[in-house]
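Encoded as structure tokens, the structure appears first; notes follow it.
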Amino acid sequence: MEKSYEPKEVEKHWYEFWEKEELFAASELSDKKSYSIVIPPPNVTGVLHMGHALNVTMQDILCRYRRLRGDNVLWMPGTDHAGIATQNVVEKKLTAENTNRHELGRKKFIEAVWEWRNQYGSAIINQLKRLGASCDWKLERFTMDEGLSIAVRKVFVQLYNEDLIYRGNYIINWCHRCHTALADLEVEYEEIEGHLYHIRYPFPDGSDGIIVATTRPETMLGDSGVAVNPDDKRYQDIKSSSVILPILNRQIPIITDTYVDMSFGTGALKVTPAHDPNDFEIGKRHGLPEIKVIDDNGKMTSDAGKFEGLDRFECRKAVIKALKEDGLLIKVEPIKHNVGHCYRCKTIIEPNLSKQWFVKVKPLAEKAIEAVKNKSTRIVPEMWTNTYYDWMNNIRDWCISRQIWWGHQIPAWTCEKCQNLVVAMESPSICPCCGSNSLVQETDVLDTWFSSALWPFSTMGWPEETKLLKTFYPTSVLVTGFDILFFWVARMMMMGLHFMNDVPFKDVYVHALVRDEDGKKMSKSKGNVIDPLSIIDKYGTDSFRMTLAVFAAQGRDIKMSEKRVEGYRHFVNKFWNAARFALMHLTENHSELKFESMSLPDKWILTRLKNVTDIVSDAIDSYRFNDAASTLYKFVWHELCDWYLEAIKPCLYGNKGEKKKEAALSVLQRVFHDVLILLHPFIPFVTEEIWHKLPGTEGSIMKAVFPADVNDFESLLCDLASEPMMDIVMEVITGIRNVRGEMNIAPSVSLHVILHSDNDFLGSIVSNNEDIIINLAGLKSFASGKPGIRPKKAATTVIGDAVIYILLEDVIDFAKEKERLEKELAKLKNEISGLIKKLNNEDFLKKAPDDVVEKVKDKHNLALAKQQKIISNLEKIKSIEEE
RNA sequence: AGGCGCGUAGCUCAGGGGGAGAGCGCUACCCUGACACGGUAGAAGUCGUUGGUUCAAAUCCAAUCGCGCCUACCA
């Protein structure tokens, strides 16, 4: 074995091995318990980022763990066709080739997208593999696949027939750059420094009129009214029922509506039903005309009069100029306000009147709320439940049509002759209404999230009644970031319940975001993105995964930096070397535990192993990945390496006889065997590599059995008394080392140590394990016995009931020793005074539970005894000095 | 505006009513036959602030300050 772990070749080798051996494959039918996860499908245009890395690592930990526990695991992989993003990518490519999609035409363009997808679409999948993802790749799905497309059609048609999908002219969010409608969710609001323009709308008789305030003066061209609050005293006495719209000189009505906020601006609101969602509602209430002045390209329409053809922002300037000239611009004040931007391209979106398709979500949402309320689906951590309810309760209809070409074309046809609308699975040949054969399909496609919403069952073959569905639906857990809780999770809940009559997943584990070192969100524009692949290249996948797992505490974002990963590379390397050491001695199989000849450290480490096994499985079961990972870290480094391996070295070198050696070897093998399995979900590559070198193993570690599931484990291995006993041995050793350190005695100097104690239990433990103490404390000799004559020139330390004398014939520095003891005494006195305060408190004695009181009393007695011993040691020094 | 979360060692964070913890960093010593990506020891914290509940509060409650995020139709 290499002196340091080199991940590159190991990772490549074992990943290929796993795939070749089909170790990731799920069984369609099996007697085993089913466990299933569908991957949140990354965009087909995507490049692996930290979010994916965390998300996939967690799912992989769960899947590998469940396999080790004997479950039939399905981890369903795939990608999402990402309508707008993918279309953008391909359009860019076309531009570079000096053409565009309109020149190509719809059919050719779609072909071009498929070509692109076939060429580049597996990039993200290959990157997931670098993370060690154990998805069943044979089942890989894509939202535009034929099967998934049939599912989409079926859902659309059924929802339409159930009146849960409708088409209509409504105000929607329009992105001029992407040239499509967006759902409300796809608009990101950002605070912007803008201006609030106060504009006078004169009365028809030319008198003062009403002053309105707006941040988008260009929309005034589409105004069809001015609204004031009916309770607003300022406007009670107005005689006129209308005003004149400046520039266009249209007469528009003054209406009253309680929506208007009297405290904002002048309390008068210009109403533009075609370009503002609220105005749209007001317009509907008052029957105002909807005048569209900005077209789908961001240019002014003919209704904008002389501004026709002008860009919307150019028009704003022109309108202001015109108003100024007419003396109708009263004032301009700076204002901070939220402006919506397209989540894909950051263009300022324009609320626009448009004919679109919508899903009526209320009825679907009710079932989705109920499913969480009655715990059919559990959201972890629980704090997200409220956010989920909140959103679900205030949900608005979902605009699902997109004016792009790449996606699932809406299965609706209009008869050119009679205008009849047909929604059907298959393209109809004649109009069922008038028999005409000139039917034209709707050109819009569906929102990508519409198909993602079906992911948990469409990937398993729905609408067919497949074995996969029977075995694996509903899925066990969905692992995702909170940023798509609404986009995706909520919608899957609605669709799953509606079409499968069951929740899509029993648990939703919502994990945190990965941020940069300073806690900022990683983004390309900020330039603070850390590329997971470069981290993997540099430190290895296992180190990276371990880092993610250790920092994945519930409810807190992860601040990622290379330095962190470096720390966990050290861990992987430490483990590698521990294994290297073990394997140097494990030259043959020692799978049978030799319980009779075990030493204390043998029994101790097995007990600790059992304990750690329980903690780790508990933690993974409840999605506390950080607890599981750090428990293993501590166990491997600070118990296995720091104590156990060091303690058994004399045995392994044969200094303690063949039987002891055999026992130690058997324990060593067992501990490595089990700890490899425990670690495998976190660091799959290095554990597989070592597994194959460890005697007594066969095949892949992926087929191993989790230690907690082995029968008789507890009775076979655990000796609970070994923990307190080993604690004493470790304390004695640490005590001696401590003196050595504080007295500045070089490690090369070996010492004589004498231990005095009245306590027979302690005495026997110490004498039974003196070889370990000698070895680990670096001693020349160690003697223990009942208190007797004190050695003269010795430094002392107190452990429990024992006084330890470290003989320092030539090197003792009494001043230093005195200082040391006094320092310790001061610490102890502090502790004692705290304990006394408690014990003097009658309420404490009366009300605190007995075991707590006992504990405090014990501690107090122990501290007193220790104090006594230190004081006498100090006196001894003084008397020696006086001699 | 409403909701959620977070303030614990220099840094990054665990913990969550009865002993303040880890990793990194720092200091000292050590290339001891797995590992210098290492070992041993050490220094370091009024657990944001103020009240309350309790025999007991870093932990529960209330308020307050600071930070972050999410949701919302303020023109």
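Numbers restart at 1 for each chain; the letters A, B, ... are given by sequence-line order, proteins then strands.
Distance His570(A) NE2 to A34(B) P: 20 Å, rounded to the nearest Å. The separation between Asp390(A) atom CG and G5(B) atom P is 13 Å, rounded to whole Å. Whole-Å rounding puts the Glu646(A) CD to A34(B) P distance at 8 Å. Atom-to-atom, CD1 of Ile395(A) to C1' of A72(B) comes out at 14 Å; the value is rounded to the nearest Å. Rounded to an integer number of Å, the gap from CH2 of Trp391(A) to P of U71(B) is 10 Å. His337(A) places its NE2 atom 11 Å from the P atom of C74(B), with the value rounded to the nearest Å. Look at CG on Asn830(A): it is 11 Å from P on A20(B), rounded to the nearest Å. Rounded to an integer number of Å, the gap from Lys563(A) NZ to C37(B) C1' is 14 Å.
With hydrogens and angles ignored, no donor-acceptor pair closer than 3.5 Å exists between the side chain of Glu2(A) and the base of A34(B). The base of C37(B) is not paired with the side chain of Lys574(A) by any donor and acceptor separated by under 3.5 Å.
For the side chain to side chain contact (heavy atoms under 4.5 Å, CB included) with Leu679(A), the qualifying choice from Val636(A), Val572(A), Val686(A) is Val636(A), the only one to do so.
The side chain of Trp637(A) has G38(B) as its nearest neighbour among A75(B), G19(B), G38(B). In the set C69(B), A41(B), G33(B), the nucleotide with an atom closest to the side chain of Phe482(A) is C69(B). Checking G19(B), A14(B), U12(B) against every side-chain atom of Arg564(A), the shortest atom distance belongs to U12(B). Among the nucleotides A75(B), A34(B), C55(B), the one closest to the side chain of Phe264(A) is A75(B).
No close placement of the His511(A) and Tyr623(A) rings is indicated, their centers lying 6.0 Å or farther apart.
Side-chain contact annotation: Tyr5(A) with Asn577(A), donor-acceptor N/O pair under 3.5 Å absent.
With both pairing distances under 3.5 Å, A22(B) is matched to U12(B) as a Watson-Crick or G-U wobble pair. Base pairing of G66(B) is made with C6(B), judged by Watson-Crick or G-U wobble geometry with both donor-acceptor distances under 3.5 Å. For A1(B), the paired nucleotide is U71(B), the pair qualifying as Watson-Crick or G-U wobble because both relevant distances are below 3.5 Å. Under the Watson-Crick or G-U wobble criterion, with both distances below 3.5 Å, U46(B) is left unpaired in every strand shown. Pairing for U40(B) goes to A28(B), judged as Watson-Crick or G-U wobble with the two contacts each under 3.5 Å. For C35(B), there is no paired nucleotide, since no Watson-Crick or G-U wobble pair has both relevant distances below 3.5 Å.
Take the nearest nucleotide of RNA chain B for Ala582(A) and for Phe571(A): the residue whose nucleotide is more 5' is Ala582(A). In this structure, Asn394(A) and Asn577(A) both approach RNA chain B, and ranking their closest nucleotides by distance from the 5' end singles out Asn577(A).
When heavy atoms are screened at a 4.0 angstrom cut-off, Lys3(A) is found touching the sugar-phosphate backbone but no base atom.
Heavy atoms of other residues, nucleotides or ligands lying less than 6.0 angstrom from CD of Glu723(A) number more than 12. In the displayed structure, Asp843(A) atom CG is contacted under 6.0 Å by more than 12 heavy atoms of other residues, nucleotides or ligands.
C13(B) and U71(B) have their C1' atoms separated by 28 Å, given to the nearest Å. The separation of C61(B) from G17(B), taken at their C1' atoms, amounts to 13 Å, rounded to a whole angstrom.
When atom types are taken as modelled, the side chain of Arg216(A) and the backbone of Arg316(A) share no donor-acceptor pair closer than 3.5 angstrom.
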